[in-house]
Structures are given as C-alpha cells and as structure tokens.
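Residues take their numbers from the sequence shown, with the count starting at 1.
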Amino acid sequence: MLIGLQPEKMQPIVDIFNCVDLPAQAPATGLSGSLLCITDNTLFACSLEKVAKAVPREIRVRGNPKRLVYSEYLNKLIVAYNRVDFDFTSSTEGTKRWIWPKIGFLDPDGETLISAPIDLRARGNESSAPTVLTRQPVGASGEKVTALVDWKFYGEGNEYHMIVVGTSFPQVEYKAGRDICVEYRGRVVYITVRQNPPGIGNIDCMTKRIHMYNQPVRTITSFGPSSLIVASGDDLLMQTLDPSTRKWRSLEPHHLESHAVSITVKEPFIYVLTARHSLIVLRATQEGLILHAQAGVDKGGLDHVNLDGELKTIFTANRGGAVIGLREFGLKDDRLVRPVFSAITPSAVVRVSRSFRPHSGGCEIAYGTTLDGTLYRFQMLTENEWRILRFIQYSCLADTNICPFRRKRRMAVDELCPLPDKPEYMHIDGDILARLISRGARYLEDMMRRTTPDNAPPAYAEKKVERFVEFARLVVGETNDPFTDVLMWMENMLRIEI
C-alpha cells in the first residue's frame with residue numbers, strides 16, 4: 001500500500017517507480033528504503049507498511065447522493081441522488097430551480113457513473129458510443145428518495161429481481177383566498193432492470209408498478225420469499241406479491257406510536273426502530289403483525305442492526321450520540337428488551353452496519369458513521385476481555401499522561417474486581433487504549449504499580465499487579481511477560497480492518 005502525506009481519493013496512474021537502495025558502507029539518508037513514484041508531473045516519496053489500512057476512493061455523481069445499495073444481480077452500486085437544474089431565462093420571476101431525484105448505476109471497480117439517468121430532451125454526440133439508455137428512472141420535481149432496496153424474490157422455483165424505491169413528495173392544495181396547504185404523500189416504485197445488451201454495461205430500466213400512499217414512505221425492507229415491509233407515516237404494512245398471477249396481497253396495517261426510521265428482519269420477527277419510542281419487535285402471522293417485545297423507553301432512534309449470536313443483541317444508534325445494545329434473549333412477562341451496554345459518542349451516529357468480514361477474535365463488529373464524516377468501529381467483547389480492558393481503563397483514567405484533559409478520578413479499592421452491573425460500565429474507550437499502546441509495555445507495568453487509590457495500604461500495588469496477571473492469563477494464556485503479550489493483543493484488537 002502506498003501511503004503519502006495527503007492520500008488522494010482518486011487513484012493516480014503510476015508512470016515510473018523505483019526503490020532507493022544504498023550501497024554497502026554508505027551512510028543512511030532520509031530517503032533510505034523509500035519507494036519513488038512519478039505520476040503525471042508529481043514525484044512521490046512513499047513508504048511501505050505491513051499493516052493493512054483502508055484506502056478511500058472517490059466516485060463522482062451528478063448530484064447529491066441520498067441512498068446507496070449494492071446489486072449482486074447487476075454487480076453494480078445503485079445510487080439514488082438529487083439532481084439540481086436551473087432555468088436562467090431572463091424574466092421578472094428570477095431564476096427557476098428544480099430538484100429531481102434520479103437513480104444511477106456505478107461500477108464498483110470504476111470511477112464514474114457508467115449508466116446514468118438522462119433528460120429525454122438532451123441531445124448528445126450522435127457519433128459517440130452510447131453509454132446510457134433513455135428508459136431510466138427520474139422522479140418528479142420536489143420528490144425525495146427515502147428508501148432504496150435491491151429486491152430479490154422467488155416464485156414457482158424462479159428467481160426475480162427488482163429495484164424498489166420509496167419516496168416522499170409534496171402535494172399542494174389551494175384553499176379559499178390565498179391560503180396554501182402542503183401535505184406530503186408517498187409512493188413505492190417497482191422497477192425492473194437488466195443489462196442490455198449483456199456485458200456492455202448499459203442498464204435498461206422499466207417501471208412496472210407504482211403504489212401510492214397518503215403518508216410519506218419512510219423505509220422498506222424485504223421479508224420472506226416475496227414480501228415487503230413498507231413503513232408509511234406511522235403505519236407498517238406487509239405486501240406480498242404472487243409472481244405467477246402478478247397480484248398483490250396486503251395485510252392489515254400495524255399502527256406505530258411514531259414513524260419508523262429503520263427496519264430489519266429475522267423471520268418471523270420484524271425489528272422496527274422508531275423516531276421517538278425506541279425499538280419495537282413484531283411477529284408476522286397470517287392475520288397480521290403482532291407485538292412481540294419493545295424497549296419501553298422514549299428514545300429518538302436513528303438506525304439499528306441485528307447482531308448474530310445466541311444472545312440476540314440489537315445494536316441501536318440514537319439521537320444525542322447514545323449507542324445502546326438491547327437484548328431480546330430471556331424475555332419476561334412484561335416483554336421488555338433490556339439494555340446490556342451503552343455508550344455516548346461526541347456526534348450522533350446516523351448509520352450503522354454489521355461487518356461481514358471474518359475477524360481474528362471471532363466477536364461481532366459493527367461500523368457507524370456520523371454527519372461530520374467520523375467512522376466508528378464497535379466490537380463486542382467476551383466477559384474475560386471486558387474485565388481486563390476495564391481494569392486497564394480504570395488505571396488510564398487516573399493517569400494524567402494518558403488522559404490529560406480528564407478530571408482525576410478517585411479510585412476505589414473494589415475496582416480490583418470490575419463487575420458488569422450497569423450498561424454504561426460496559427463501554428471501553430478504544431482511543432484511551434490506543435494512547436496507552438503508543439507508550440509501550442513497560443509503561444503499562446509502571447502504571448499498574450503507580451496508580452493506586454488514596455490511603456491504600458503498601459501491599460495494594462502488588463495485589464493490583466497480581467490481579468492484572470490473573471485477568472491476562474484468561475485472555476492470552478500462560479506467559480512469562482503478561483504486559484507485553486496483553487499490549488500486543490490490544491494492538492491487534494484495535495487495528496481497523498474495513
């Protein structure tokens with residue numbers, strides 16, 4: 001991997017590269033062992049690192065992207081974006097401005113839209129090779145894309161594919177006098193797609209059906225072999241398509257206390273995160289959707305994912321930066337899902353996703369993004385891992401070199417045995433551990449002996465080191481140098497692998 005001072009998001013073409021080798025007995029210079037690369041008119045002096053890192057890549061879109069999904073059927077990224085058009089014709093009304101929602105297709109290995117919506121009135125160069133087809137989905141002015149799903153459904157042994165788009169659009173009603181009433185409606189657009197001709201890259205789209213709703217469509221997800229869960233306003237609807245007869249069947253809508261912001265499915269259960277009443281779990285039956293469990297708290301939800309495992313943990317991101325893990329396992333008569341961990345981030349996490357890549361620790365990993373572009377990685381820990389990391393974090397919070405801007409904590413004697421008794425205690429701050437790792441294993445050993453509670457007996461420091469060795473043995477096994485092995489284990493755990 002090439003790492004420069006300011007890495008570019010667009011991968012440049014390398015014209016020439018060479019490595020700076022020094023002859024024997026020659027004095028070392030600043031460029032010793034560097035890789036020199038020439039791209040266009042720029043010379044880069046690069047260094048090679050063994051640690052894998054994420055490489056950002058920028059793909060230009062002709063508008064403001066709103067939704068993005070990957071289609072395995074097309075091997076393309078499907079992006080919904082807003083295109084802004086202007087009319088600069090001189091008139092007394094001034095410049096006119098329109099916002100059009102459009103659907104485009106991106107090659108994951110490319111850098112541009114290979115098949116994009118075009119205006120039917122536009123005229124291109126007739127001699128150039130066609131790169132787009134005219135039957136592309138374009139919405140009405142003022143309409144917003146709120147949901148985008150690459151739907152794969154089955155019927156009579158066959159597999160079908162559609163792009164399902166949920167939108168919200170304003171409807172203006174003129175009342176008596178000059179009063180204007182604007183109400184927002186919604187619709188779901190079902191679009192068939194195919195590569196035409198195959199292998200060329202052109203995407204042919206055709207709208208097959210449109211369902212209209214009196215409320216804006218919030219989110220959509222697939223359920224079962226040929227069903228969709230649609231959130232419109234404060235209602236949740238299940239629509240089932242019979243591919244043989246091409247007829248739709250809808251169940252009785254389930255009314256929510258507030259509108260849904262995200263939906264996930266683990267059949268037969270449907271997990272709905274709402275805008276003001278946290279998480280609701282529904283069970284799908286032949287008669288309709290039945291309440292199975294709920295969080296029972298008023299939290300403004302933003303997004304959530306289901307984590308695999310026997311404990312059935314739901315990872316939720318909420319307004320104000322609250323990240324809460326809810327556990328469905330072991331429901332009581334009140335049918336409330338209990339919080340098992342919680343954390344507060346400086347900026348609210350607006351989107352979360354579960355990592356599907358295998359990890360060396362085997363624990364679940366989730367990623368979260370904020371509006372300011374910050375990327376968070378959340379990793380679930382086993383009980384033994386949590387105990388030693390919490391034990392180390394207690395000492396770091398009392399060390400002014402590791403946490404210089406925190407108020408010095410008063411350490412208690414019972415912190416030698418951390419207990420997972422409250423959800424907020426389950427959070428381990430990876431940034432604090434990263435600052436400790438940069439100082440080395442010997443600093444960790446010295447910190448364990450140095451940070452002791454006030455008025456602690458002289459033997460407390462040795463007892464604290466013994467407890468550290470006990471916790472370390474449960475994580476890294478028998479070792480002659482537990483401080484070095486624990487530090488290396490922490491370094492591998494904190495390495496970002498996207």
Side-chain angles (χ1 to χ4, degrees), residues 51 53 315 317 320-325 340-349 359-361 363-370 372 374-412 414-454 461 464-465 467-469 471-472 474-476 482-498:
V51 178
K53 295 183 179 180
F315 188 92
V323 177
I324 302 175
V340 291
F341 61 83
S342 66
I344 301 295
T345 58
S347 301
V349 177
H359 189 261
S360 57
C363 296
E364 284 281 340
I365 295 178
Y367 292 97
T369 56
T370 63
D372 61 1
T374 304
L375 175 66
Y376 288 95
R377 188 186 71 165
F378 305 95
Q379 179 173 341
M380 307 302 113
L381 302 173
T382 64
E383 183 177 355
N384 292 332
E385 292 173 344
W386 174 85
R387 286 186 183 279
I388 187 172
L389 293 179
R390 185 70 180 179
F391 186 75
I392 295 174
Q393 184 172 273
Y394 275 140
S395 298
C396 291
L397 292 176
D399 192 313
T400 55
N401 294 324
I402 303 298
C403 300
F405 301 108
R406 288 177 179 262
R407 180 182 299 178
K408 187 176 180 180
R409 299 178 66 257
R410 293 188 59 186
M411 299 182 63
D414 57 358
E415 290 181 348
L416 288 177
C417 186
L419 298 175
D421 52 353
K422 293 184 179 180
E424 56 268 24
Y425 290 169
M426 304 303 293
H427 174 218
I428 304 297
D429 194 331
D431 293 334
I432 295 178
L433 300 181
R435 293 195 291 269
L436 172 63
I437 291 174
S438 63
R439 294 182 175 270
R442 301 284 70 87
Y443 190 90
L444 171 61
E445 182 178 1
D446 177 71
M447 185 183 66
M448 284 295 160
R449 300 180 185 277
R450 177 167 37 85
T451 53
T452 57
D454 298 335
K464 184 177 180 182
V465 173
R467 183 55 58 90
F468 174 86
V469 174
F471 289 152
L474 299 175
V475 175
V476 298
F483 297 98
T484 300
D485 290 347
V486 167
L487 205 74
M488 294 176 60
W489 169 74
M490 290 168 50
E491 187 177 3
N492 292 331
M493 176 177 291
L494 294 178
R495 182 176 296 123
I496 301 296
E497 297 177 353
I498 299 180

Just to verify, which of F391, W386, F483 counts as forming a ring-ring contact (aromatic ring centres under 6.0 Å, His included) with F471?
F391
Please determine whether side chain to side chain contact (heavy atoms under 4.5 Å, CB included) holds for the pair M426 and V340, giving the CA-CA distance in whole Å, both sets of side-chain angles, and the decisive distance to 0.1 Å.
CA-CA 8 Å; M426 304 303 293; V340 291; over 6 Å; no
Side chains of R390 and I428, heavy atoms from C-beta outward: is any pair under 4.5 Å?
yes
Is there a side-chain contact between M447 and L436, using heavy atoms and a 4.5 Å cut-off?
yes
Quick check: does any side chain N or O of Q393 sit under 3.5 Å from a backbone N or O of D429, one acting as donor and the other as acceptor?
yes
Minimal non-hydrogen separation, A441 against L487, with atom names
N-CD2, 3.2 Å
Among residues at least two apart in sequence or on other chains, which ones pass side-chain hydrogen bond (donor to acceptor under 3.5 Å, both in side chains) with Y376?
none
Check side-chain hydrogen bond (donor to acceptor under 3.5 Å, both in side chains) between T345 and all other residues, then give those that pass, not counting sequence neighbours.
none
Judged by atom type as modelled, is there a donor-acceptor pair below 3.5 Å linking the side chain of T370 to the main-chain atoms of T374?
yes
Can you check whether L474 reaches I388 side chain to side chain, under 4.5 Å on heavy atoms?
no
S342-K422 side chain donor-acceptor pair, cut-off 3.5 Å:
no
For A348 and G320, which heavy atoms make the closest approach, and how far apart are they?
CB-N, 4.2 Å
Across all chains, not counting sequence neighbours, the salt bridge (charged side-chain N to carboxylate O under 4.0 Å, His left out) partners of R439 are none
Are the side chain of R435 and the backbone N or O of I402 linked by a donor-acceptor pair below 3.5 Å?
yes
Say you draw a straight line from CD1 of I432 to SG of C403; how long is it, rounded to the nearest 0.5 Å?
4.0 Å
Distance-minimising heavy-atom pair for V475 and N384
CG2-O, 3.8 Å
Can you list the steps and then say if L381 with M493 is a side chain to side chain contact (heavy atoms under 4.5 Å, CB included)?
CA-CA 10 Å; L381 302 173; M493 176 177 291; 4.0 Å; yes
Residues in side-chain hydrogen bond (donor to acceptor under 3.5 Å, both in side chains) with T369, at least two apart?
none
Do F315 and M380 have side-chain heavy atoms sitting under 4.5 Å apart?
yes
Would a 4.5 Å heavy-atom cut-off, applied to side chains only, mark L389 and M490 as touching?
yes
If you define the side chain from C-beta out and look only at heavy atoms, does anything of I344 sit under 4.5 Å from V323?
no
Can you find a heavy atom in the side chain of I324 that is under 4.5 Å from one in the side chain of P423?
no
One should read off an interatomic distance between I437 CD1 and M488 CE, to the nearest 0.5 angstrom, of 11.0 Å
Atom pair CD1 (I392) and CG (L397), whose distance is rounded to the nearest 0.5 Å:
12.0 Å
For N401, enumerate each residue passing the side-chain hydrogen bond (donor to acceptor under 3.5 Å, both in side chains) test, keeping only those at least two apart in sequence or located in another chain.
Y443
Non-hydrogen atoms of A434 and L494 that approach each other most closely
N-CD1, 3.8 Å
If you take all heavy atoms of S347 and D372, which pair is closest and at what distance?
OG-OD2, 3.3 Å
Interatomic spacing from CG in D399 to CE in M448 - rounded to 0.5 Å
10.0 Å
